[in-house]
Amino acid sequence: MAATRMTLVAALNEALRSVLADDPRTLVMGEDVGRLGGVFRVTDGLQKDFGEGRVIDTPLAESGIVGTAIGLALRGYRPIVEIQFDGFVFPGYDQIVTQLAKMHARSRGRIRLPVVIRIPYGGGIGAVEHHSESPEALFAHVAGVRVMSPATPGDAYWMLREAVRCDDPVIFFEPKRRYYDRGDVDVDPAAGERQPPAHTARVVRPGGDLTLAAYGPMVRTCLDAAEVAAEEGRDLEVVDLRSISPVDFDTVERSVRRTGRLVVAHEAPVFFGAGAEIAAHVAEHCFYHLSAPVLRVGAYHTPYPPSRLEEEYLPGIDRVLDAVDQALAH
């Protein structure tokens with residue numbers, strides 16, 4: 001089957017449709033996911049096709065949504081929860097951290113909670129307060145949950161399918177400013193056998209002078225920065241991390257040992273961000289291969305600003321290239 005070109009939103013919708021059709025234990029639940037089809041239309045048409053018992057409109061109560069999903073998982077279901085916006089997840093944070101993440105260890109492996117929590121995250125859409133957060137580091141710090149973020153429609157489709165099949169809880173961060181980016185998606189089941197596991201990173205642009213590591217919305221920014229750098233004779237390798245917890249350090253290390261330099265980029269603030277863990281790990285394990293300090297690129301350590309200022313707040317191509325210049329100057 002030939003790949004179909006579609007948006008990231010359409011790829012997510014197709015993935016949800018396929019898992020609902022494949023497994024009667026799966027169900028989708030969240031605010032406005034049914035009749036409306038979600039504020040970003042990720043769940044559009046699913047309630048019509050699978051019914052109100054499988055695609056459930058919930059009250060505006062994130063703690064109740066996550067708690068209900070935990071109860072359903074205990075009874076053998078595989079719930080897929082949508083948190084409408086990133087900044088709305090915090091009323092449910094206690095349920096995620098104290099219950100969802102810990103039940104497997106608390107029960108000495110007897111209980112698994114295969115819950116997927118989908119969260120549109122990041123900025124770039126001109127939204128109001130609480131609608132443009134990047135809280136991935138808060139969840140990556142919590143043992144017991146997997147954290148991942150696709151950067152392309154193809155990965156969105158296959159990574160979401162894998163997240164639903166996973167017996168561990170998964171926080172699935174969807175880069176909302178990339179929702180309408182288009183890419184090739186091969187939905188043929190046989191294509192799944194050729195997909196790398198969701199917890200592995202992928203080199204999306206080979207290069208020899210420096211490694212750029214990113215995930216989610218910043219992958220495209222780093223690819224664009226690499227194109228600009230190529231015009232100046234610089235050969236940058238771009239690694240799409242894909243998984244934030246666990247991190248595929250093996251792929252990152254192999255790249256850094258070849259290039260000798262690393263810049264880590266994410267939309268979230270640099271301070272205590274996911275890039276800090278990656279920088280520390282590479283400094284510890286690749287010290288004698290580094291020709292320059294590991295540098296981090298991200299947002300500022302301030303609350304997310306009003307939309308008219310978000311272009312200054314979010315890291316863009318220029319900020320990435322500034323870090324590249326610093327690393328290559330050593």
Side-chain angles (χ1 to χ4, degrees), residues 62 66 81 83 85-102 115-124 127 129-151 159 163 168-178 198-201 212-219 221-222 239-249 251-252 262-285 294-305 310 313-316 319-320 323:
E62 285 75 18
V66 177
V81 167
I83 302 296
F85 279 92
D86 35 44
F88 299 173
V89 71
F90 298 109
Y93 189 74
D94 176 53
Q95 290 277 14
I96 295 169
V97 171
T98 62
Q99 304 298 333
L100 185 64
K102 292 183 169 58
V115 177
V116 176
I117 300 178
R118 297 178 37 248
I119 306 176
Y121 82 119
E129 189 178 21
H130 308 310
H131 290 68
S132 300
E133 309 295 328
S134 294
E136 61 270 21
L138 298 176
F139 293 97
H141 187 71
V142 176
V145 294
R146 296 175 182 265
V147 183
M148 60 182 71
S149 179
M159 288 173 66
D168 297 325
V170 177
I171 312 295
F172 195 85
F173 282 104
E174 300 168 5
K176 68 170 81 78
R177 70 167 161 147
R178 305 302 185 204
H199 64 273
T200 60
L212 274 176
Y215 55 84
M218 283 300 292
V219 172
T221 303
C222 288
V239 176
D240 180 356
L241 295 169
R242 303 170 77 237
S243 176
I244 306 162
S245 179
V247 175
D248 179 7
F249 286 116
T251 297
V252 176
L262 174 64
V263 173
V264 187
H266 48 62
E267 272 197 17
V270 169
F271 187 71
F272 272 82
E277 178 64 28
I278 296 167
H281 180 96
V282 169
E284 181 180 350
H285 294 272
V294 178
L295 299 178
R296 293 171 289 152
V297 177
Y300 302 115
H301 189 49
T302 66
Y304 201 92
E310 68 178 353
Y313 176 81
L314 292 173
R319 212 181 297 175
V320 172

To the nearest 0.5 angstrom, please state how far the [atom1] atom of [X] sits from the [atom2] atom of [Y].
X	Y	atom1	atom2	answer
Arg118	Phe172	CZ	CZ	8.0 Å
His141	Ile244	NE2	CD1	15.5 Å
Asp240	Cys222	CG	SG	9.5 Å
Ile117	Leu100	CD1	CG	5.0 Å
Phe90	His130	CZ	NE2	10.0 Å
Thr200	Met148	OG1	CE	10.0 Å

Between Lys102 and Gly144, is there a donor-acceptor pair closer than 3.5 Å when you use the side chain of the first and the backbone of the second?
no
Using only atom types and a distance under 3.5 Å, with no angle test, would you say the side chain of Lys176 pairs donor to acceptor with the backbone of Gly122?
yes
Among His285, His199, His281, find the one that has a ring pair (Phe, Tyr, Trp, His ring centres under 6.0 Å) with Phe249.
His281
Only one of Tyr313, Phe272, Phe271 passes ring pair (Phe, Tyr, Trp, His ring centres under 6.0 Å) with His301, and that residue is Phe271
For a side chain to side chain donor-acceptor pair (under 3.5 Å) check, start with the C-alpha distance between Ser149 and Tyr121, then their side-chain angles and the critical distance, and finish with the verdict.
CA-CA 10 Å; Ser149 179; Tyr121 82 119; 2.8 Å; yes
Pairwise side-chain contact, [X] with [Y], heavy-atom cut-off 4.5 Å (strictly under):
X	Y	answer
Pro135	Phe173	yes
Thr251	Val239	yes
Pro315	Met218	yes
Pro246	Arg146	yes
Ile119	Phe85	no
Leu262	Ile278	yes
Val145	Asp168	no

With respect to Val89, which candidate in Ile83, Leu138, Ile171 satisfies the side chain to side chain contact (heavy atoms under 4.5 Å, CB included) definition?
Ile83
Looking at every non-hydrogen atom in both residues, tell me the closest pair between [X] and [Y] and how far apart they are.
X	Y	result
Pro175	Gly216	CB-C, 4.2 Å
Glu267	Gly123	OE1-N, 2.9 Å
Val142	Ala101	CG1-CB, 3.6 Å
Ser132	Asp86	N-OD1, 3.3 Å
Val263	Ala323	CG1-CB, 3.9 Å
Gly124	Arg177	CA-CD, 4.0 Å

Does Phe88 form a ring-ring contact (aromatic ring centres under 6.0 Å, His included) with His131? I'd like the steps, not just the answer.
CA-CA 8 Å; Phe88 299 173; His131 290 68; 5.0 Å; yes
So, is the end of the Arg319 side chain (NZ or CZ) under 6.0 Å from the ring centre of Tyr300 and within 45° of the ring's axis?
yes
Please determine, by modelled atom types, if Glu136 and Tyr215 share a side-chain donor-acceptor pair under 3.5 angstrom.
yes
Between the side chains of Tyr304 and Glu310, does any donor sit under 3.5 Å from an acceptor?
yes
For the pair Arg242 and Asp248, find out whether any cationic side-chain nitrogen is under 4.0 Å from an anionic carboxylate oxygen.
no
